[in-house]
Amino acid sequence: MKRRNQITAILLAGTMVAGLFGSCVSAENSDAEAASGAGAPLVVAEDEFSEKFSPFFVQSVPDQRLTDFTQVALIGNDRAGEIIMNGIEGEDKEYNGTVYHYDGMADTTIEENEDGSVSYDFKLREDVNFSDGEKLTADDLIFSMYVLLDPSYDGSSSLYALPIRGLSEYRSGAEVLYKLMLKNGAENTDFNNYTEEQQKQFFETDLPAAGEAWAQSIVDYCIANGYVEEETTAAAMEAWGYATEAEDPTAADFFNTMAEAYGGDYEQLSDTESAESSIFDFLDDSYKTTVEIGDSVDYVSGIEKLGDYEVKVTLDEIDAAAIYQLGVQIAPMHYYGDASKYDYDNHQFGFEKGDLSSVREKTSVPMGAGPYKFVKYENKIAYLEANDDYYLGAPKIENLQMKVTGESDKTPGVLSGAADIADPSMSKSTLEQISTENSNGEITGDKLSTVLTDYNGYGYIGINSNNVSVGGDGSTDASKNLRKAIATVISVYRDVVIDSYYGDAAEVINYPISNTSWAAPKKSDADYKVAFAVDVNGEAIYTDGMTEDDRYAAALNAALGYLEAAGYKVEDGKVTEAPEGAKLSYEVLIPGNGSGDHPSFGILTAASNALATIGFELKINDLADSSKLWDALDAETAEIWCAAWQATIDPDMFQIYHSEGGDSHKYAILSPVLDQMVMDAKTNTDQTYRKAKYKECLDFIVDYAVEIPIYQRQQGYIYSTERVNMDTVMPDQTTYYNWMGEINTLEMN
């Protein structure tokens, strides 16, 4: 999955709260072509499924969408991404000048305790049934949490990473069998926990077979997403960053090549290179149970059942983002588990601890309390039908079909009637195509209606503070001035290039945060500033009435001032000598496929040409193999690079900017001051305080000049105006709350 994101130049930074709803479609109508009329099925164009439709083991975005249709989440959010705390009676929240009503699964109360712990009390509504008619109760919530906290759980949820009271004692003393085997190795001679025959079978037969199947899944992924021109393993290996001299390599050869590159560290290999799946997904479930290797307890003390519809979860310390991770989807224990194995008072929670086989068995056949029921998946189409027991009201559209559709076929598919709704990549050319199809020449008209929302992420140009510094210390004023010189010239070309590349599908941003975040500074804020728009003396570089050429010249002049302050020798408007520990030339890595196919390529080209006129070189390295960028970032050798962050619903900056965060080495800020500000925001539940503190963090990062905010692109959906009743499509959609959030009220024409 990570390598998949590397190819698309996106670095992941966490996970969002589970969807607000769940859903389904009828097996009776197997025709995947969209049709007109109130009784017609709704056909949604979708990307390739991984067929992991489980609320516990879902991984890919298409699978998550289907899962959201069939499930309900403990916690919901509004259009701005803020939590709905009073779900039972609902809340009225204002957005864009309009008040909207939001209902949810529970009322949530948060209490900060005197001992530094924090408790979350969830009172569930009592009028919710699963699609088979069974009541949803506290037992289902507790079961769902215990699955996600089980020592053998290996899905994408990170609930187990929260400091839930008693969780470490519950998860200790056990090890997943395949992980223990990998840890001990093929030469192990201690067979207290498994037999010699099991070990031989694992390393000689089952692990290689799983690896081959996993490598084949990567090949299939590359082919399905157009990353290769030839549908061969060799082409996929090259696209994935692995050269081969073999004439006709097999999937087994691919796996062995990757395993050798990782020195036999299969867990790191799987975590880094996978596309929608793990090596271990292809192992028999018998390897995924746990074996006892020490002492542990049989329950999590921080999860307490207070009544048939009330659960309290206590964390040992405050983590402001925890509320989003606690928003699990509540799955039916009687379906995914075993009701005979549930006895809360005797610490039994619907399955044997360390054995999730009953849950895994249902991975491709979901069931829940969402607006739709899953019927079947065949011939690249998922069929669902309305859940008449849905607590917010049965969907108006009885049948829903999710149809796998290639990117190039999404817009034509809605036009031709093969689909009713699609989410094509919103490039400038796509919007022009949509406008051409409508008789009014607009993106919303008689044929197609378009709804655009900001994508939950943003494009940026990064700078490693140690590698672009004076004297090797990236924290000094001289080093910051060097980076500000580069950033100032790059920034002045953002507007014209992004407009040329994206048109109305993107806008330039001035802070390193997605506009979708509630913490993002707004242009209307009194302290909002344009990035890198002041000179070394703090004076504005640009004035009203300047032409574009005037702005370019002013930026270049400001850059000379910064370079001189950094210790560079400047004569007659040119840089002639660099200070010790700095250079006159720096390299920028951009994954443009060797052909400049990247939104920031034009920006860099213009900046490079401008800087050359003052004797400073910005050397553009347009990478045909994008994996070289990620290798350079991991090795901390990159100086400047282009990429994009995918954001989370909560703007937790620990992962990216804190000294102990997993991606902090990319910028090498390593500042105790910034670390403290990040932790201040992370360990406080007052959102007003957090927003102010995050603004301080953003100002610090811009001043450190390690990240140049470039663009906020848009995503969106197109609807068939002829077949979908646009009056029933949810208004004011956002990245956190789109048409699927109120699908039960959607109607066909």
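For the numbers below, each heavy atom of this structure counts, side chains included, while hydrogens, waters and symmetry mates do not.
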CG (Asn387) and OG (Ser131) are apart, to the nearest 0.5 Å, by 5.0 Å
Q.
With side chain to side chain contact (heavy atoms under 4.5 Å, CB included) as the criterion, how do Met426 and Arg713 come out once you've worked through the C-alpha distance, each side chain's angles and the decisive distance to 0.1 Å?
A. CA-CA 8 Å; Met426 290 300 173; Arg713 71 175 177 86; over 6 Å; no
(request) Go through the steps for Phe254 and Val219 under the test side chain to side chain contact (heavy atoms under 4.5 Å, CB included), then give the verdict. (result) CA-CA 9 Å; Phe254 188 7; Val219 175; 3.9 Å; yes
Next on the checklist: Is there a side chain to side chain contact (heavy atoms under 4.5 Å, CB included) between Ile218 and Met258? Walk through the geometry before answering.
Outcome noted: CA-CA 12 Å; Ile218 296 176; Met258 289 190 287; 4.0 Å; yes
- Query: Is there side-chain contact between Asn593 and His598, with at least one heavy-atom pair below 4.5 Å?
  - Reply: no
Main-chain N/O of Gly661 paired with Ser664 side-chain donor or acceptor, under 3.5 Å | yes
| query | Under 4.0 Å between a Lys/Arg side-chain N and an Asp/Glu carboxylate O for Lys403 and Glu46? | reply | no
- Query: Would you say Leu148 and Val328 make side-chain contact, with heavy atoms under 4.5 Å?
  - Reply: yes
Lys/Arg N to Asp/Glu carboxylate O, Lys183 vs Glu175, below 4.0 Å:
yes
Q. What about Tyr153 and Phe57, are their ring centers closer than 6.0 Å?
A. yes
Heavy-atom closest pair (Leu149 atom, Arg171 atom, distance to 0.1 Å) is O-NH1, 3.0 Å
Ignoring hydrogens and geometry, is there a side-chain-to-backbone donor-acceptor pair from Asp271 to Gln268 under 3.5 Å?
no
Rounded to the nearest 0.5 Å, the CD1 atom of Ile421 sits from the CH2 atom of Trp739 at a distance of 4.0 Å
- Message: Under a plain distance cut-off of 3.5 Å, with no hydrogens placed, do Tyr194 and Asn188 share a side-chain donor-acceptor pair?
- Response: yes
Judged by atom type as modelled, is there a donor-acceptor pair below 3.5 Å linking the side chain of Ser270 to the main-chain atoms of Tyr266? no
**Prompt:** Any ion pair linking Lys410 and Asp47 (charged N to carboxylate O, less than 4.0 Å)?
**Reply:** yes
Taken to the nearest 0.5 Å, the spacing of Gln433 CD from Lys428 NZ works out to 15.5 Å
Heavy-atom closest pair (Ser427 atom, Ser429 atom, distance to 0.1 Å) is OG-OG, 3.0 Å
* To do: Verify the distance criterion only: is there a donor paired with an acceptor across the side chains of Ser144 and Gln329 at less than 3.5 Å?
  => no
Original post:
Which word best sums up how the rings of Tyr719 and Tyr717 line up, parallel for under 30°, tilted for 30 to 60°, or perpendicular for over 60°?
Top reply: tilted
Side chain to side chain donor-acceptor pair (under 3.5 Å) with Thr516: of Thr734, Thr453, Asp454, Asn456, only one passes, and it is Asn456
Subject >> Contact check, side chains of Val44 and Gln401, non-hydrogen atoms, under 4.5 Å >> reply: no
- Task: Assess the side chains of Asp220 and Ser217: does a donor N or O sit below 3.5 Å from an acceptor N or O?
- Result: no
Determine whether the aromatic ring centres of residues Phe202 and Tyr178 are separated by less than 6.0 angstrom. no
Between Asp154 and Arg360 (salt bridge meaning N to carboxylate O under 4.0 Å), is one present in this structure? yes
Pair Asp284-Ser286, side-chain hydrogen bond (donor to acceptor under 3.5 Å, both in side chains): steps then yes or no: CA-CA 5 Å; Asp284 185 82; Ser286 62; 2.7 Å; yes
Interatomic distance, OH@Tyr160 vs CD@Gln325, rounded to 0.5 Å, equals 10.0 Å
Do Asp625 and Tyr242 touch side chain to side chain, with heavy atoms closer than 4.5 Å? no
Whether the side chain of Arg723 engages the backbone of Ala40 through a donor-acceptor N/O pair (distance < 3.5 Å, no angle test) should be reported. no
Looking only at heavy atoms, the pair that brings Pro62 and Phe49 closest together is O-CE2, 3.5 Å
Nearest heavy-atom contact between Lys380 and Tyr377 is CA-OH, 3.4 Å
* To do: For the pair Lys52 and Asp281, find out whether any cationic side-chain nitrogen is under 4.0 Å from an anionic carboxylate oxygen.
  => yes
| message | Test your reading of the model: is there a side-chain donor-acceptor pair from Asp150 to the backbone of Gly354, 3.5 Å cut-off? | response | yes
Checklist entry - Got a salt bridge between Lys666 and Asp663, using NZ or NE/NH1/NH2 to carboxylate O under 4.0 Å? => result yes
Sub-4.5 Å side-chain heavy-atom contact between Trp240 and Val228: no
Worksheet item: Crowded around Glu231 CD? As in, over 12 foreign heavy atoms under 6.0 Å?
Response: no
Are the side chain of Lys362 and the backbone N or O of Tyr335 linked by a donor-acceptor pair below 3.5 Å?
yes
Value for CZ (Phe280) from CG (Leu283), rounded to nearest 0.5 Å, stands at 7.0 Å
Distance col, row Ser358:OG vs Tyr336:OH, nearest 0.5 angstrom, shows 11.0 Å
If we ignore hydrogens and angles and just use 3.5 Å, is the side chain of Thr67 paired with the main-chain N or O of Phe53 as donor and acceptor? yes
Residues Leu629 and Trp641: closest non-hydrogen pair is CD1-CB, 3.5 Å
| task | Using the side chain to side chain contact (heavy atoms under 4.5 Å, CB included) rule, take Met181 and Leu177 through it: C-alpha gap first, then chi angles, then the decisive distance, then the call. | result | CA-CA 6 Å; Met181 285 182 165; Leu177 180 56; 4.1 Å; yes
(message) Tell me whether Asp622 contacts the main-chain N or O of Pro591 through its side chain, where contact means a donor paired with an acceptor under 3.5 Å.
(response) no
- [ ] Using a strict 4.0 Å threshold on nitrogen-to-oxygen distance, state whether Lys288 and Asp285 make a salt bridge.
- [x] yes
**Item:** Donor on one side chain, acceptor on other, Asp206 and Tyr287, under 3.5 Å
**Value:** yes
field: Steps toward side-chain hydrogen bond (donor to acceptor under 3.5 Å, both in side chains) verdict (Ser357, Asp355)
entry: CA-CA 6 Å; Ser357 56; Asp355 182 2; 2.9 Å; yes
Of Thr450, Asp420, Ile443, the one forming a side-chain contact (heavy atoms from CB on, under 4.5 Å) with Ile718 is Thr450
Short question: side chain of Thr250, backbone of Asp253 - any donor-acceptor pair under 3.5 Å? yes
Heavy-atom closest pair (Leu66 atom, Pro366 atom, distance to 0.1 Å) is CD2-CG, 4.1 Å
*asked:* Could you check whether any side-chain heavy atom of Thr363 comes within less than 4.5 Å of a side-chain heavy atom of Val58, counting everything from C-beta outward?
replied: no
Side-chain heavy-atom pair Phe374, Met367 within 4.5 angstrom cut-off
no
Practice item. Report yes if some heavy atom in the side chain of Asp423 is under 4.5 Å from a heavy atom in the side chain of Gln715; otherwise report no. Key: no
Only one of Trp645, Tyr458, Tyr502 passes ring-ring contact (aromatic ring centres under 6.0 Å, His included) with Tyr711, and that residue is Tyr502
